[in-house]
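For reference, the structure discussed in these notes is given below.
Basis for what follows: all heavy atoms, side chains included, without hydrogens, waters or symmetry-related copies. Letters go in sequence order (proteins before strands), and every chain restarts at 1.
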There are 2 protein chains.
Amino acid sequence: MTAKNAFYAQSGGVTAVINASACGVIETCRKHSDKIANVYAGRNGIIGALTEDLIDTNQESAEDIAALKNTPSGAFGSCRYKLKSLEDNKREYERLIEVFKAHNIGYFFYNGGGDSADTCFKVSQLSEKMGFPVQAIHVPKTVDNDLPITDNCPGFGSVAKYIAVSTLEASYDVRSMAKTSTKIFVIEVMGRHAGWIAAAGALVEDYGIPVVTLFPEVEFDQKKFLAAVDAKVKEHGYCTVVVSEGCHWPDGKFLAEQGTRDDFGHAQLGGAAPVVANMIKEALGYKFHWAVADYLQRAARHLASKSDVEQAYALGEAAVNMALEGHNSIMPTVVRESSSPYKWSIGMAPLSEVANVEKMMPMDYISDDGYGITDACKEYLYPLIQGEAYPEYDENGMPRYVTLKGIAVPRKLADFEI
Amino acid sequence: MTAKNAFYAQSGGVTAVINASACGVIETCRKHSDKIANVYAGRNGIIGALTEDLIDTNQESAEDIAALKNTPSGAFGSCRYKLKSLEDNKREYERLIEVFKAHNIGYFFYNGGGDSADTCFKVSQLSEKMGFPVQAIHVPKTVDNDLPITDNCPGFGSVAKYIAVSTLEASYDVRSMAKTSTKIFVIEVMGRHAGWIAAAGALVEDYGIPVVTLFPEVEFDQKKFLAAVDAKVKEHGYCTVVVSEGCHWPDGKFLAEQGTRDDFGHAQLGGAAPVVANMIKEALGYKFHWAVADYLQRAARHLASKSDVEQAYALGEAAVNMALEGHNSIMPTVVRESSSPYKWSIGMAPLSEVANVEKMMPMDYISDDGYGITDACKEYLYPLIQGEAYPEYDENGMPRYVTLKGIAVPRKLADFEI
């Protein structure tokens with residue numbers, strides 16, 4: 001059998017460790033160059049496949065590929081682009097087959113979250129439905145931690161560690177200032193549908209911090225919330241609030257959509273944090289500070305979780321090995337063997353059971369009052385933030401992150417409009 | 001001579017390394033217990049002195065005091081409280097003398113920024129004006145980096161490192177997403193009067209990032225700014241914007257004071273970042289993300305600069321040694337011997353030349369177009385962010401930060417209303 005090429009692409013919101021998965025895929029393929037000649041990376045995800053914009057990873061040095069393990073973001077570019085069903089969009093699937101044939105691609109590794117698993121699942125059906133042999137393996141990635149079957153998703157552990165540590169640090173700060181100045185610190189975290197990241201902020205309760213957490217799973221009750229904050233301030237002198245961007249009123253309206261307008265009457269897109277902070281100030285009079293972590297949280301490779309980096313790499317490695325074993329339409333998963341001490345192994349899930357299934361946070365992870373997390377949740381979270389995996393720093397004091405050469409494979413086909 | 005006690009307090013906004021200065025003060029005092037019997041720390045700054053709320057640091061273990069070096073925030077509590085002049089507020093000065101006498105305090109170490117230097121200067125005059133012998137030494141601290149004479153201020157280097165690294169990481173993120181999604185990332189940083197911290201964000205230009213920086217020193221010109229951002233996006237596909245909280249219009253109004261109101265007509269306190277992001281969206285149509293780092297930046301001990309931690313400790317140590325040499329009304333300073341390689345030593349400045357003097361960023365540190373920094377600025381900044389000084393982490397994956405016992409010295413005096 002002649003060696004085929006592999007296609008690899010990154011999809012959806014990027015993370016601090018998605019490049020570690022890329023590193024796992026490429027380094028493992030290179031170990032099997034008798035079976036996989038080259039890894040062609042799609043520039044900007046599946047768009048790179050559709051437009052025949054493929055990056056020749058064989059032109060990247062072993063050092064640069066290894067450095068991906070410590071570099072945040074998506075080194076090949078990502079995209080937000082979901083393929084329609086085969087029935088509704090035959091043109092794009094035919095184009096994929098055309099590109100795969102032209103470049104002798106027999107393996108399709110797609111690194112992403114829920115939407116990407118769906119795309120990968122559709123590609124995996126090409127063999128059967130369109131008679132073209134390609135093995136499609138999904139490499140899980142999402143800070144939202146909402147893929148099913150796998151115990152957790154690469155990217156989440158590092159965000160969780162960043163938010164837990166940053167919330168602790170900022171809480172120490174407000175504690176220092178509370179006597180004569182700031183008494184409330186509000187931090188807004190990602191998570192539109194699920195409160196996994198907010199739950200990581202709630203871990204600071206174990207470190208003596210009075211904290212009220214607002215989850216997307218719990219409808220916002222202004223009166224009850226203000227009473228909870230006031231009680232904490234009266235007892236401790238200060239209070240930290242962790243608010244998920246997905247926190248919403250009973251009618252489904254996000255707190256962030258408070259309808260703020262500027263002097264000209266233009267609607268303003270704000271955050272949930274300033275809304276909550278102003279609400280506290282108005283009702284209780286406490287001085288506040290607020291932060292919106294946004295991309296800082298999911299890009300914070302400088303404080304990545306060691307277990308997260310290792311799992312991201314291992315899942316990329318496993319994807320290639322599973323492909324070489326002949327599997328198609330599957331996703332390698334993290335299986336938790338034990339929480340204390342933390343032990344995990346790699347499992348395998350069929351993509352038919354992954355695509356379009358969203359794993360929510362169990363309701364028994366949220367405390368009875370709705371503002372904290374339970375011991376079960378803590379037992380789940382701590383292993384995921386264990387260990388540090390620092391990048392190297394250069395002589396300036398800046399991290400050594402790699403930017404790849406990104407040389408394109410020569411095109412063989414006509415242009416394609418997407 | 002009987003050993004006297006020392007008073008130490010933290011003042012103003014806290015930092016990632018102010019406790020390293022506390023560690024330097026206390027450990028050095030302990031080495032000279034023949035001359036300094038105990039360090040009494042003011043709980044919540046000068047308020048602790050006025051209300052006779054003193055923390056007995058001799059009851060803290062050597063391990064806990066050493067752990068201060070790696071713990072962010074103000075371990076003894078800080079305050080925003082500025083003493084008036086001796087003429088206008090004799091009552092408070094008389095109270096200070098009463099407390100100092102009651103607790104045999106002969107040394108006054110005050111750890112803070114510009115306002116605190118002024119308080120320390122006033123206390124230093126007690127000897128002369130009120131006939132009470134106390135040596136007052138100011139230990140510099142401020143993320144604003146605006147104290148005169150000293151080359152830089154402890155606290156700033158760590159914020160600068162955090163902002164430079166975080167801006168780089170988030171820029172990699174938006175670069176990954178730019179093809180089909182977010183093209184603009186806006187990060188808001190501290191600095192109401194001076195653009196030192198914003199300048200640290202601008203360092204990412206050296207790492208290939210298209211960045212437009214908005215300094216408080218440069219009046220905001222909306223048309224010119226939007227043109228600068230648009231040019232970067234057209235050339236690179238994306239653009240990062242670093243905006244100082246102090247960025248303002250020609251009439252002096254902060255960008256953050258955009259006059260936003262909620263549905264009920266209440267004025268909203270927003271950030272500059274969402275204002276800038278919305279402005280770009282409206283004029284140029286680019287999808288954006290924005291972050292407000294707020295306390296996260298000044299509390300980020302997890303990414304402290306090694307030179308900053310070392311200087312913070314050394315200045316605390318030097319303050320005690322200078323006191324033991326008989327000095328009064330002075331501040332130890334950082335003297336830069338060379339930038340490359342970075343070499344520094346400790347100097348000494350009279351408080352009369354420090355109090356109420358604000359050091360601005362030199363205008364030749366800002367590039368001609370007003371949106372970047374010059375080589376001179378980079379040469380100044382890089383040494384301050386060099387090296388990493390990580391805290392230890394516990395088995396959960398959280399940093400080992402110390403919370404002191406904080407046992408109060410028994411009171412000897414009547415209550416005092418502040």
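With a threshold of 4.5 angstrom between heavy atoms, B:Y207 approaches chain A through side-chain atoms but not through N, CA, C or O. Only the side chain of A:T71 comes within contact range of chain B, with at least one heavy atom under 4.5 Å from a heavy atom of that chain. Interface residue A:D173: backbone and side-chain heavy atoms are both found under 4.5 Å from chain B. Proximity to chain B is limited to the side chain of A:S181, based on heavy atoms less than 4.5 angstrom apart. The part of A:E395 that comes within reach of chain B is its backbone (N, CA, C, O), which places non-hydrogen atoms under 4.5 angstrom from that chain. Only the side chain of B:N44 comes within contact range of chain A, with heavy atoms under 4.5 Å apart. Only the side chain of A:I47 has a heavy atom closer than 4.5 Å to any heavy atom of chain B. Only the side chain of A:I187 has a heavy atom closer than 4.5 Å to any heavy atom of chain B. At a 4.5 Å heavy-atom cutoff, the contact between A:Y401 and chain B is made by backbone and side-chain atoms alike. B:Y238 does not touch chain A: none of its heavy atoms, backbone or side chain, sits under 4.5 Å away. With a threshold of 4.5 angstrom between heavy atoms, B:S307 does not approach chain A through any atom at all.
Chosen from B:A300, B:S340, B:G387, the residue pairing most often with chain A at heavy-atom distances under 4.5 Å is B:A300. Residue with the most contacts toward chain B among A:R298, A:K306, A:R175: A:R298 (heavy-atom pairs, distance under 4.5 Å). Between chain A and the options B:Q10, B:K378, B:M398, B:Q297, the largest number of non-hydrogen pairs under 4.5 Å is found for B:M398. For the options A:L168, A:L303, A:D206, heavy-atom pairs under 4.5 Å to chain B are most numerous at A:L303. If you tally non-hydrogen atom pairs under 4.5 Å between each of B:G74, B:A75, B:G208 and chain A, the highest count goes to B:G74. For the set A:K161, A:R301, A:K179, A:E388, the entry with the most heavy-atom pairs within less than 4.5 Å of chain B is A:E388.
In this structure, the side chain of B:S176 does not engage the main chain of A:G77 through any donor-acceptor pair within 3.5 Å. With hydrogens and angles disregarded, no donor-acceptor distance shorter than 3.5 Å links the side chain of B:E169 to the backbone of A:P72.
The closest side-chain heavy-atom distance from A:Y172 to B:N19 is not below 4.5 Å.
One finds the CD1 atom of A:I46 at 12.0 Å from the OG1 atom of B:T180 (value rounded to the nearest 0.5 Å). Between B:L296 atom CG and A:T167 atom OG1 the span is 7.5 Å, to the nearest 0.5 Å.
Nearest heavy atoms, B:A291 versus A:D294: CB-CB, 3.9 Å. The two residues A:M177 and B:G13 have their closest heavy-atom pair at CE-CA, 3.8 Å.
Ring planes of A:F185 and B:Y295: parallel class, angle under 30° (limits at 30 and 60°).
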Report the C-alpha distance between A:Y393 and B:Q386 in whole Å, list the side-chain angles of each, state the deciding distance to 0.1 Å, and finish with yes or no for side-chain contact (heavy atoms from CB on, under 4.5 Å). CA-CA 9 Å; A:Y393 283 73; B:Q386 278 169 16; over 6 Å; no
